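To keep things clear, I will list the structure first and then write my remarks on it.
For clarity, every value in this text was computed on a predicted model and none was experimentally measured.
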Amino acid sequence: MERLALWAGRVLAWAFPVIALMMGYEVIARYAFGAPTFWAHEIAGLIAATAFIFGGAYCMAEKSHMRVTLLTERLGPRAARAFEALALSCGIIFLTGLAVAMWGIVERSALKFAADGTWTPERSGTSWNTISPALLKVALLVGALLFLAVVIRQAIALLRR
């Protein structure tokens, strides 16, 4: 799971230069040619949000996630392990709750079907009217599950030490 989180983080890191290029194109098209795009803001938002969602799992797998070490640096290794176990336990509780809640949201947003069986996911309501809200909610569920898997893996490793 950690390798998957690291791979996803490295791949999605390339999303930010792509977003910068898209926004540059949008600005030039809008102000230089008076022809704004109908897609740039919606796609940039979807890409950025997805990259941020998977960023948590990436940082946790890389062990660069934010930590407050003021107490643990002053206490011994046993206390540091206890604080780490507490932090991982809180992460497991939070991410489990997030994943459970997101499943219900994904069901209502992305897993919607009309009476005739036609897929009718939530749409953006913009002029382009993409399914980006539904896709983003699925990405949040998958990102939360990946983050949870990384935290559980680190908790197991801590227990084995």
Side-chain angles (χ1 to χ4, degrees), residues 1-24 39-113 119-126 128 130-161:
M1 282 299 134
E2 289 173 334
R3 278 189 278 177
L4 178 61
L6 291 169
W7 176 83
R10 288 184 190 112
V11 168
L12 289 169
W14 286 100
F16 295 103
V18 170
I19 293 167
L21 289 171
M22 286 171 44
M23 291 296 96
W39 53 268
H41 291 289
E42 197 166 331
I43 296 301
L46 175 64
I47 293 170
T50 302
F52 276 113
I53 288 166
F54 284 88
Y58 172 80
C59 288
M60 195 71 185
E62 193 177 61
K63 298 196 186 321
S64 63
H65 210 272
M66 234 167 94
R67 299 176 191 269
V68 179
T69 58
L70 179 68
L71 290 175
T72 57
E73 286 177 351
R74 295 171 194 251
L75 303 173
R78 290 182 72 192
R81 280 175 43 108
F83 276 108
E84 186 174 354
L86 177 63
L88 291 170
S89 298
C90 290
I92 289 169
I93 291 167
F94 171 76
L95 291 165
T96 300
L98 179 61
V100 168
M102 282 312 301
W103 175 252
I105 291 169
V106 165
E107 279 186 317
R108 292 186 301 276
S109 176
L111 302 177
K112 290 173 42 181
F113 295 90
W119 184 44
T120 57
E122 180 181 2
R123 295 190 167 273
S124 63
T126 63
W128 201 19
T130 67
I131 62 169
S132 61
L135 293 175
L136 187 55
K137 290 169 185 171
V138 170
L140 183 54
L141 173 61
V142 173
L145 289 171
L146 181 59
F147 198 166
L148 177 61
V150 171
V151 172
I152 289 171
R153 164 71 182 84
Q154 289 187 3
I156 291 169
L158 180 68
L159 290 173
R160 287 183 176 165
R161 276 189 267 148

Spatial distance of atom [atom1] ([X]) from atom [atom2] ([Y]) [nearest 0.5 Å]:
{"X": "Ile152", "Y": "Leu95", "atom1": "CD1", "atom2": "CG", "result": "8.5 Å"}
{"X": "Met22", "Y": "Ile43", "atom1": "CE", "atom2": "CD1", "result": "6.0 Å"}
{"X": "Leu136", "Y": "Ser124", "atom1": "CG", "atom2": "OG", "result": "11.5 Å"}
{"X": "His41", "Y": "Leu46", "atom1": "NE2", "atom2": "CG", "result": "14.5 Å"}
{"X": "Met1", "Y": "Leu148", "atom1": "CE", "atom2": "CG", "result": "10.5 Å"}
{"X": "Arg153", "Y": "Ile156", "atom1": "CZ", "atom2": "CD1", "result": "7.5 Å"}

Could you tell me which non-hydrogen atom of [X] sits nearest to which non-hydrogen atom of [Y], and how far apart they are?
{"X": "Ala5", "Y": "Ala61", "result": "CB-CB, 4.0 Å"}
{"X": "Ile47", "Y": "Ala15", "result": "CG2-CB, 3.2 Å"}
{"X": "Ile92", "Y": "Ala155", "result": "CD1-CB, 4.1 Å"}
{"X": "Leu158", "Y": "Glu84", "result": "CD1-OE1, 3.9 Å"}

Side chains of [X] and [Y], heavy atoms from C-beta outward: is any pair under 4.5 Å?
{"X": "Trp7", "Y": "Phe54", "answer": "no"}
{"X": "Leu111", "Y": "Trp103", "answer": "yes"}
{"X": "Leu75", "Y": "Phe83", "answer": "yes"}
{"X": "Trp119", "Y": "Ile131", "answer": "yes"}

Legend entry - With Glu122, the side-chain hydrogen bond (donor to acceptor under 3.5 Å, both in side chains) member among Arg108, Lys137, Lys112: Lys137
More than 12 heavy atoms of other residues, nucleotides or ligands under 6.0 Å from [atom1] of [X]: yes or no?
{"X": "Trp128", "atom1": "CH2", "value": "yes"}
{"X": "Arg160", "atom1": "CZ", "value": "no"}
{"X": "Trp14", "atom1": "CH2", "value": "no"}

Inset, instruction - Indicate yes or no for a side-chain donor-acceptor contact from Arg161 to the backbone of Arg81 under 3.5 Å, with no hydrogens or angles considered. - result: no
Legend entry - Partner of Leu140 by side chain to side chain contact (heavy atoms under 4.5 Å, CB included), out of Val106, Ile53, Leu145: Ile53
Legend entry - Trace of the side-chain contact (heavy atoms from CB on, under 4.5 Å) decision for Val150 with Glu62: CA-CA 10 Å; Val150 171; Glu62 193 177 61; over 6 Å; no
